[in-house]
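Residue numbers begin at 1 in each chain, while the letters A, B, ... track the order of the sequences. Quick caveat: nothing in here was measured; it's all calculated off a predicted structure.
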Amino acid sequence: MSRIHRGRDHHPPGVTLERDVPFGEHDHAGAPLLRVRRYRLDNGLAISTLIDRAAPVVSFHTWFRVGSSDERPGKTGLAHFLEHLMFNETTNRALGEMDRLLEGEGADSNAATWTDWTHYHSSLPKRALPLCMELEADRMQNLVIKDAQVESEREVVMSERRDCVDDDVEGSVSEELYRRALSKDHPYAWPTIGWMRDIKRYERRDCDRFYRTFYAPNNAHLIAVGDFNEKTFLKRAVELYGGMKRARIPAQKTVKKTRQRKEKRATLKRATETKKISIGYRGPAFASPEWMALRVAEEILIGRSAARLPQRMVVDEESARVVRGGMAPWRHPSLFEFWVDQRDDRESEALLSVIDEELARFVKDGPSEDELARAKARIELDLLCGMETANGKAEQIGFYETVCGDAAEIFTRLAGYREVSARDVQSASRETFDPRQRTVLFVTPRERR
Amino acid sequence: MKILCEESHALPLVDVELAFRGGSLSDPDSLPGRARMMARVMRMGARRQQERDVDNALAALGARLSARVSPSTVRFRGVVLARNLEPFVALLANLVQAPAFRQSDLARAKRETRAALIASQDDDRSLARRAFMETVYVGHPYARRVAGGLGSLRAMKRGDLVQAHEELIDDRRAFFAISGPIAKREVQQLAKRYFTLPRGGAAAPRVRAPKAKRGLEVVVVHKEERTQTQMVIGTLASALGDKHTFDLVVGNAAFGGTFTARLSAEIRGNLGFSYSAYSRLSQRDARGTFSMWTHPSTENTLACAARQLELYRDFLRGGITRRELSFVKKMLVRGHCFDRDTAQKRLDAALDVAVNRVPRAHVYEYERLVSDVTRESVETALAKRLSARDLTMAVVMDQNAAKRAFSELEGVSAITVIEPRALIR
């Protein structure tokens, strides 16, 4: 599917074209309507472009291959904390100036951090692309981190943690699940936002060190999608980023999927009205073929209201209000999660038995051909829905480049899903849904004073 | 039925909407939640078709379909792989035109809604929002929950749904809208082929204007062991189509509409009180609201509320600066391209005009209307539409901490404490 074109494109010196692949639909003559091209600067910076003139807008992303999985014990949440600091001051721009300049252009800018990556994204009217590139290049090498900003941002991040975790039942249970299910040194055993005790203790030099270590051109990927001139864009990218120096990026941890020998269980009390159950089975990494089979299994088991578990527990037996879950799209092996919000005071054990029964039946008999076809159609729909906007396309490219090393994987995987057989689903499910390999948390309402 | 179409060949995907003017405002006073229950049970299957059949058929088509009700509309909204559009429309038409309204479905939907209402007490932000709406619109239909409450659920009968269907699902209230790789002529043919809606229902009702409350009322939704306080502070604002709409849009953007606006710069940036700090201007047929949203820690709640009120009163007293005006106008005009960068958004804009009666100029002359705003017009709008004195503050926190905090807050006329359960009755 992929072809490399050399010599045909007139890109500026210092830029090497690495990949040129069709992106999505083809016209009536069979030519691709859109193409995604990946270039590389001499300092290792990767740049992907996709010209799409459907609207006069551009989405510009900067993805760094660093997330909470790169943190150390005692400094959890630092990747996310640094993401907040990146909106502050640089040697060339005053505090808040970047936001102000982009807002003035009508741009929408933000950032996100997760386990394996951090990305900064702006949706721009097309005239604002040069400004955005200049600002992004500036903060990639000239960030100023001061004690006062660390203190102020610490309060903001503590507020974010209280909102998303401490006062949020699902947030607080999810972090407990990963903490208990994975070994202490597993890079997903702590939450991306970090433990509160660590957030309270960051120092300026921690942030500075993290920034100098990971925010380097050879650990970054720029993505531009939309209505722009590629040649001018690349020329400007060389001017702004070409002089940045490579850094020695610490090798990423290698995490092998390990087997859990015995089921783990715990009961948690929370300020909630109804009982919940959180289950995490040890599962594979995103790049693994098993992951795709489990994504299909997810659709069949919990993907919609007539999927097996919701049909039985929500519709037929009315024991649950919600049953959902899935396998996180992460670089290292992690968990296949189930989340059950109970309808009433029935024993949680009884609901767990129903899940066990359904999973055992699924593992034994596998999915039907109809279920398989429906799951694949839904997965195709989800993929297309995620690509309606320039920003959606940029996000997909950034994610696949960062986690799988190739944007072409988006469509390779789509083709891969079409190839997934009932036997693949059955085999991946057998491997994963083994009760010995799971952690179960029962959540019960805390009694009121 | 009116047809709307936004042709686009960007993706092999079609967005479909079948909307009806008239929503939860048509619910009888004694039966809030009727329109929503009607839509929910319609989605559970037509005659000789169970919900499971509907869901399996949708999944096989690579489609999703939701039924949503707002105070002024009932909307069936879906997305489908383009190659399966026609069977999707056939399925939708059958659900809407031949609903079964089975007793068993109604009973199940009632139990399901009851469970959702009970679970909604876990979500502090939605509790704060609910308490704010019920207080600011007290005695007005806008105070009602679209989903109804536990009491109205118990009272709901099959005949109520049939009656709602007769009133709301009417050809003269209907809009069939599609965006994707399809021409308008084909949409018209599809509509002709699959829809034969009854005609004869009454026009959608208009709602009276709500009355402003007097003074600063604090409503505390009591929850123990909170580490932070979800807080909404606000007041009544303008009605849809109001001549001051764009003055308020510009004023709100300068006050709390962006990361660098006054509210966020102070509450998040300078004081670090709350991760989110923004203001919102909602548009409604009668009168919408202006509101500020934050979530400070329990110990910072009073200081945060006091500072927000100061900022708000300064805003009403002094309006916005020349610099803010020029900045916001540029921002809104330049950023407007994101309101129409996909076919679906362009279709939504057309639906806003057709179904929600948003004045045409507000959608299609947006840049001119923003450009026409002056400092004086913002000042006039703030004086005429927003009150510095008559405010509602809804907070979710422990009642003892709340009473201690808010008894010290200047200008408070009343503190009411309610349990979360009071919001789902």
Side-chain angles (χ1 to χ4, degrees), chain A residues 24-25 52 54-57 87 96 99-100 103-108 123 125 127-128 151-160 162-163 166-167 169 271-274 303-306 311 314-315 318 321-322 341 343-344 370 373-375 377-378 380-381 384-385 387-390 446 448-449, chain B residues 8-13 51-52 54-56 58-64 79-81 84 108 111-112 115-116 118-119 121-122 124 223-228 230 258-260 265 268-276 295-297 327 330-338 340-342 344 420:
Chain A
E25 289 296 286
D52 178 3
V57 300
F87 289 87
D99 274 339
R100 193 82 186 152
E103 284 175 1
E105 289 294 332
D108 180 15
S123 293
R127 57 167 257 159
E151 287 316 311
S152 158
E153 217 52 51
R154 189 195 314 279
E155 291 298 323
V156 171
V157 171
M158 283 162 61
S159 166
E160 185 179 358
R162 283 190 291 266
D163 189 44
D166 300 342
D167 279 2
V169 179
T272 177
E273 294 296 320
T274 52
R304 56 201 176 83
S305 57
Q311 179 65 41
V314 177
V315 179
E318 298 187 14
R321 191 181 70 81
V322 169
D341 200 342
R343 183 75 78 91
D344 49 36
D370 277 353
R374 288 194 288 256
R378 289 263 305 187
E380 184 180 351
L381 178 74
L384 291 172
C385 285
M387 292 203 284
E388 286 197 270
T389 60
R446 187 178 281 148
R448 292 199 184 121
R449 274 179 281 164
Chain B
S8 162
H9 294 266
L11 287 169
L13 207 59
E51 186 175 27
R52 184 183 197 149
V54 175
D55 280 331
N56 284 340
L58 287 169
L61 296 173
R64 281 198 293 262
V79 58
V80 59
L81 298 175
N84 296 329
R108 183 158 69 79
R111 293 192 295 274
E112 169 193 285
I118 288 167
Q121 296 172 95
D122 280 357
D124 289 6
K223 265 195 159 184
E224 293 169 350
E225 297 175 34
R226 300 287 87 189
T227 66
Q228 47 140 27
Q230 289 291 340
T258 69
F259 282 121
T260 63
R268 175 178 159 142
N270 294 338
L271 300 170
F273 278 162
S274 174
Y275 169 60
S276 322
H295 50 90
S297 65
F327 175 79
K330 262 193 323 194
M331 178 188 84
L332 293 175
V333 168
R334 290 175 179 167
H336 187 51
C337 53
F338 294 107
R340 49 180 72 162
D341 62 331
T342 65
Q344 190 191 357

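- Taking chain B as the reference chain and counting heavy-atom pairs below 4.5 Å, the highest number among A/A107, A/S305, A/A54 is found for A/S305.
- In this structure, the portions of A/V315 lying under 4.5 Å from any heavy atom of chain B include both its backbone and its side chain.
- Counting only distance, with no hydrogens or angles, the side chain of A/D167 and the backbone of B/Q228 share a donor-acceptor pair below 3.5 Å.
- Separation of atoms OG (A/S152) and CG (B/L271) is listed at 8.5 Å; rounding is to 0.5 Å.
- Only the side chain of A/R304 comes within less than 4.5 Å of a heavy atom of chain B; its backbone N, CA, C and O stay farther away.
- Note: A/V57 leads A/D52, A/V57, A/V314, A/T274 in heavy-atom pairs under 4.5 Å with chain B.
- The contact between A/A271 and chain B is made by backbone and side chain atoms together, counting heavy-atom distances below 4.5 Å.
- Side chain to side chain, A/D163 and B/Q230 meet the donor-acceptor criterion of an N or O pair below 3.5 Å.
- Proximity of A/S159 to B/F273: side-chain heavy atoms (C-beta onward) are nowhere separated by under 4.5 Å.
- How far OG of B/S297 is from CD of A/E155: 7.5 Å, rounded to the nearest 0.5 Å.
- The contact between B/A63 and chain A is made entirely by backbone atoms, counting heavy-atom distances below 4.5 Å.
- Using a 4.5 Å cut-off between heavy atoms, A/Q311 contacts chain B through its side chain alone, with no backbone atom that close.
- In terms of heavy-atom pairs under 4.5 angstrom with chain A, the leader among B/A115, B/P296, B/G335 is B/A115.
- A donor-acceptor contact under 3.5 angstrom links the side chains of B/T260 and A/E103, judged on distance only.
- Atom CG of B/L81 sits about 5.0 Å away from atom CD of A/E380, to the nearest 0.5 Å.
- Comparing A/D370, A/V169, A/D99 by how many heavy-atom pairs each has under 4.5 Å with chain B, the most go to A/D99.
- Going from atom CE of A/M158 over to atom OG of B/S274 covers 13.0 Å, rounded to the nearest 0.5 Å.
- Scanning both residues, A/L381 and B/G62, for their nearest heavy atoms gives CD1-O, 3.3 Å.
- In this structure, the portion of B/T342 lying under 4.5 Å from any heavy atom of chain A is its side chain and not its backbone.
- In this structure, CD1 on B/I118 lies 9.5 Å from CG on A/D344, to the nearest 0.5 angstrom.
- Checked by atom type, the side-chain pair A/D166/B/T227 shows no donor-acceptor distance below 3.5 Å.
- Contacts with chain A were tallied for B/K330, B/R340, B/H295, B/H336; B/H295 has the most, counting heavy-atom pairs under 4.5 Å.
- Proximity to chain A (any heavy atom under 4.5 Å) is shown, for B/V54, by neither the backbone nor the side chain.
- Residue contact with chain B, scored on non-hydrogen atoms closer than 4.5 Å, involves the side chain of A/R127 exclusively.
- For the atom pair B/Y275 OH and A/E153 CD, the distance stands at 10.0 Å (nearest 0.5 Å).
- Across A/R321 and B/A119, no two heavy atoms sit closer than the pair NE-CB, 3.2 Å.
- Among the candidates A/A128, A/P56, A/A390, A/C385, the residue making the largest number of heavy-atom pairs closer than 4.5 Å to chain B is A/C385.
- Contact check for A/R378 versus B/R64: side-chain heavy atoms found under the 4.5 Å cut-off.
- By number of non-hydrogen pairs under 4.5 angstrom with chain A, the leading residue of B/L61, B/L58, B/V79 is B/V79.
- Comment: A/E318 engages B/R111 in a salt bridge, judged by a side-chain N to carboxylate O separation of less than 4.0 angstrom.
- Panel note: side chain B/D122, backbone A/E273; a donor-acceptor pair is recorded below 3.5 Å.
- Put simply, of A/M387, A/R343, A/R100, A/E388, the one with the most heavy-atom pairs under 4.5 Å next to chain B is A/R100.
- Salt bridge B/E225/A/R446: present, at least one basic N to carboxylate O contact under 4.0 Å.
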